[in-house]
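Data first, discussion second: the structure below is written as structure tokens.
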2 protein chains.
Amino acid sequence: MRKFKVPEVTIFRLSLYLRCLSELEEEGVEVISSAELGQRCGINPAQIRKDLAYFGEFGTRGVGYYVKDLKEDIKRIMGLDKEWEVALVGVGNLGRALLSYQGFKRHGFKISVAFDKVVDEERLSAMPEGCTLYHADKMVEVIRERKIKLAIIAVHFSEAQKVADVLVEAGIKGILNFAPVRLNVPKDVVVRHIDLGVELEMLTFFLSARIGK
Amino acid sequence: MRKFKVPEVTIFRLSLYLRCLSELEEEGVEVISSAELGQRCGINPAQIRKDLAYFGEFGTRGVGYYVKDLKEDIKRIMGLDKEWEVALVGVGNLGRALLSYQGFKRHGFKISVAFDKVVDEERLSAMPEGCTLYHADKMVEVIRERKIKLAIIAVHFSEAQKVADVLVEAGIKGILNFAPVRLNVPKDVVVRHIDLGVELEMLTFFLSARIGK
DNA sequence: CTTTTATTGTGAATGTACACACAATAAGTA
DNA sequence: TACTTATTGTGTGTACATTCACAATAAAAG
């Protein structure tokens, strides 16, 4: 396990590098320098090297990085060398959108169970191959049974904290939260928060400053 | 207009303060100190004061901040003292989820037009009150006509850049992008990027480091 | 009107992240 | 094997962000 603290932005950028490397691999590029990679993903080459240096030495001096190897290394660093099962809570509009999002698979994620207070034909028909819908009452049981560690909260904000509590009880260790609420969880549980309102508000700030609408 | 550069995190936090202040107002709290506000939203009180100091003096020494006033001030700072019309491009699963998201209204946003390559009964029936669906060909015309400045891209990644180009042509100045692609736009256009894949990958990094699955 | 109290606004200190510049070094070439 | 070339890995300086600590000051109390 790592000894030194790695900045969060570094992890964020690793994920960008990974996407870029996948593209390069598809294009048939075998070797790339930090300079070229930096160009492609809009990041300073020194930054890339520093980011990677937190985890070891992956390049070859005078040559660069072998695309395939670096991709595998970053995947391993980020824990993406195996598939992750994900539990989805809330099969409303957003939940269904997430279920149909094809991008997860490419990243090695699979929503294999979904939960809702209501189990009806509409929701059942939204389930893709390999994903089972359960009543919300079954959350602890099913998640424990399947040893799932990742969950997505896509319920109304008034219920988000309650859901989070149940997920923690069920053994979930990482939560992606779409509800506009700061979740209270034990510190061994990691939460990432996607807040559409905040994102739009940040846009309007920059716009007002510029166009002075 | 502001003379000094304001860090992006400060804008992010202003948005948090705003939400917190709205909650306080609903609870009937009239005055709050930076210490209490900091407690509530998990931010150092000195940080809050510094953030606000970029824009002026809003508190009363020995007393604190008047909730209602500060809320209005932050709204004004962020350009949220008027309603913003938003154009949505892509009425697939994600687009429909966004159309039904009630949170936007609370923040003063209104999706008033939507565009898709396909205009069929399924999509038309997803339109809420006050939102019109147009064929994608009408983008430039409608957006210019209505002088809309904000747009959300919720199309397949293979089309995102093309859509962005059209939006820029139509006069859009702020884009919220859900497609996993770094958009290329003129520098007077602001883009915020929501990348589900990256968010999940960041989770697995922290998890792997902890539970070493 | 003066003193006390509470809390802001801010200069200075600390901590963190970024970018530069170069020594270290792997591979290719003579 | 020695030399050249390209590019990494990293020590160092700089810029930026956060936190501390206190002087400034508004309101309340005497």
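Excluded from the calculations below are hydrogen atoms, water molecules and symmetry mates; all remaining heavy atoms, backbone and side chain alike, are included. Each chain gets a letter, A, B and so on, in the order the sequences are listed, and its residues count up from 1.
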> Tell me, which of residues 24-51 of chain B have any heavy atom that sits under 4.0 Å from an atom in DNA chain C?
Replying inline: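 Contacts with DNA chain C under 4.0 Å: B/Ser33, B/Ser34, B/Arg49, B/Lys50.
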> Between residues 67-75 of chain B and DNA chain C, which residues have a heavy-atom gap below 4.0 Å?
Replying inline: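 Correct list: empty, so none.
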>> Is it the case that over 12 heavy atoms from other parts of the model lie below 6.0 angstrom from the CD atom of A/Glu23?
In response: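 Yes, CD of A/Glu23 has more than 12 neighbouring heavy atoms, counting only those of other groups under 6.0 Å.
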>> Does B/Phe12, at its CZ atom, have more than 12 non-hydrogen atoms belonging to other residues, nucleotides or ligands within less than 6.0 Å?
In response: no
Can you give the donor-acceptor pairs under 3.5 Å from side chains of residues 183-207 of chain B to other protein atoms, not counting sequence neighbours?
unit_1, atom_1, unit_2, atom_2, d
B/Asp188, OD2, B/Lys173, NZ, 2.7
B/Arg192, NE, A/Glu199, OE1, 2.7
B/Arg192, NH1, B/Glu8, OE2, 2.8
B/Arg192, NH2, A/Glu199, OE1, 3.0
B/His193, NE2, B/Ala179, O, 2.9
B/Asp195, OD1, A/Arg19, NH2, 3.1
B/Asp195, OD1, B/Gly197, N, 3.2
B/Asp195, OD1, B/Val198, N, 3.2
B/Asp195, OD2, A/Arg19, NH1, 2.6
B/Asp195, OD2, A/Arg19, NH2, 3.1
B/Glu199, OE1, A/Arg192, NE, 2.6
B/Glu199, OE1, A/Arg192, NH2, 3.0
B/Glu201, OE1, A/Ser15, OG, 2.5
B/Glu201, OE2, A/His107, ND1, 2.4
B/Thr204, OG1, A/Met78, O, 3.0
B/Thr204, OG1, B/Glu201, O, 2.8

> If you look at every heavy atom in A/Leu88 and A/Gly95, which pair is closest and at what distance?
Replying inline: CD2-O, 3.6 Å
> Between A/Lys71, A/Lys75, A/Lys68, which is the residue that forms a salt bridge (Lys or Arg N to Asp or Glu O under 4.0 Å) with A/Glu25?
Replying inline: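 Between A/Glu25 and the candidates, salt bridge (Lys or Arg N to Asp or Glu O under 4.0 Å) is satisfied uniquely by A/Lys71.
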Specify the separation, in whole Å, of atom [atom1] of [X] and atom [atom2] of [N].
| X | N | atom1 | atom2 | answer |
| --- | --- | --- | --- | --- |
| B/Ile11 | D/dC16 | CD1 | C1' | 15 Å |
| A/Phe58 | D/dT10 | CZ | P | 11 Å |
| B/Tyr54 | D/dC16 | OH | P | 10 Å |

>> Test of understanding: with side-chain hydrogen bond (donor to acceptor under 3.5 Å, both in side chains), list the residues that count as partners of B/His156, not counting sequence neighbours.
In response: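 So B/His156 forms a side-chain hydrogen bond (donor to acceptor under 3.5 Å, both in side chains) with B/Ser158.
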> Do A/Arg13 and A/Tyr54 meet the cation-pi criteria used here (NZ or CZ under 6.0 Å from the six-membered ring centre, within 45° of the axis)?
Replying inline: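 The answer is no; the distance or angle limit is not met.
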> Is the shortest distance from a Lys or Arg side-chain nitrogen in B/Glu27 or B/Arg40 to a carboxylate oxygen in the other one below 4.0 Å?
Replying inline: yes
> How far does the helix from C/dC1-D/dG30 to C/dA30-D/dT1 bend, going by the axes of its first and last five pairs, to the nearest 10°?
Replying inline: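 Axis angle across the helix from C/dC1-D/dG30 to C/dA30-D/dT1, nearest 10°: 0°.
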> In terms of the nearest nucleotide of DNA chain D, which residue is placed more toward the 5' end: B/Val9 or A/Gly59?
Replying inline: A/Gly59
> Contact boundaries of DNA chain C with chain B (under 4.0 Å, heavy atoms), 5' to 3'?
Replying inline: C/dA6 to C/dA12
> What's the verdict on side-chain contact (heavy atoms from CB on, under 4.5 Å) for A/Phe104 and A/Leu98, showing C-alpha distance, side-chain angles and the deciding distance?
Replying inline: CA-CA 9 Å; A/Phe104 290 141; A/Leu98 294 170; 4.2 Å; yes
> For DNA chain C, whose closest nucleotide is more 5', that of B/Leu52 or that of A/Thr60?
Replying inline: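 Result: B/Leu52.
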>> Rounded at 0.5 Å granularity, tell me how far OG1 in B/Thr10 sits from CG in B/Asp51.
In response: 4.0 Å
> If you round to the nearest 0.5 Å, how far is CG of B/Leu150 from NZ of B/Lys110?
Replying inline: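 CG of B/Leu150 is found 14.0 Å from NZ of B/Lys110.
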> Can A/Leu52 and A/Leu14 be said to form a side-chain contact (heavy atoms from CB on, under 4.5 Å), step by step?
Replying inline: CA-CA 8 Å; A/Leu52 295 173; A/Leu14 283 183; 4.0 Å; yes
> With distance as the sole criterion, is a donor-acceptor pair present between the side chains of B/Asp73 and B/Tyr65 under 3.5 Å?
Replying inline: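 No, no side-chain donor-acceptor contact under 3.5 Å.
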